[in-house]
Amino acid sequence: MASELTSHRLPQADEYYYKQTNNHITPRDNEIETGADAGAYFPLQPIEKKLCAYTFGLGIILLFIFVIMFKVL
């Protein structure tokens, strides 16, 4: 039962990375697999979403700080 549930899920980005970096395959086979993976979509993992939000928020905060600093000084 458990194998049925896991066999139909989409691969995660870390599985994709491991597959691409740790398989010693020929360049021709790599091109075939890369072509097959071209349409693959990997949703962002929760930690990636948090990092994007923190980075965006920090950028906006620094933008306002620098605008205020350079307008006042």
Side-chain angles (χ1 to χ4, degrees):
M1 174 94 176
S3 63
E4 294 174 8
L5 295 175
T6 58
S7 65
H8 292 85
R9 67 178 179 82
L10 292 174
Q12 295 295 316
D14 52 349
E15 293 172 2
Y16 176 79
Y17 177 77
Y18 181 82
K19 176 181 156 188
Q20 293 297 321
T21 58
N22 293 325
N23 286 342
H24 301 289
I25 58 176
T26 64
R28 182 178 180 279
D29 291 337
N30 189 28
E31 287 179 16
I32 292 171
E33 285 196 19
T34 304
D37 293 337
Y41 168 74
F42 301 108
L44 290 177
Q45 295 180 359
I47 188 67
E48 293 171 325
K49 291 179 183 179
K50 287 180 184 178
L51 287 172
C52 289
Y54 291 150
T55 303
F56 182 74
L58 181 63
I60 296 298
I61 290 169
L62 288 175
L63 175 70
F64 285 121
I65 289 172
F66 290 145
V67 166
I68 291 170
M69 279 177 46
F70 290 119
K71 291 289 182 176
V72 173
L73 298 176

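Note that these values count all heavy atoms, side chains included, but never hydrogens, waters or copies made by symmetry. As the structure is a computational prediction, the values presented were derived from the model and not from experiment.
Looking at residues two or more places apart in sequence or on another chain, you find a side-chain contact (heavy atoms from CB on, under 4.5 Å) between Y54 and K50.
Cluster partners of I60, by chain and number: F56, F64. The rule joins Ile, Leu, Val, Met, Phe, Trp and Tyr whenever side-chain heavy atoms lie under 4.5 Å apart.
Separating the CG atom in L58 from the CG atom in L63 is a distance of 11.0 Å, to the nearest 0.5 Å.
By the rule that hydrophobic residues join a cluster once side-chain heavy atoms approach within less than 4.5 Å of another member, L62 and M69 end up as members of one cluster.
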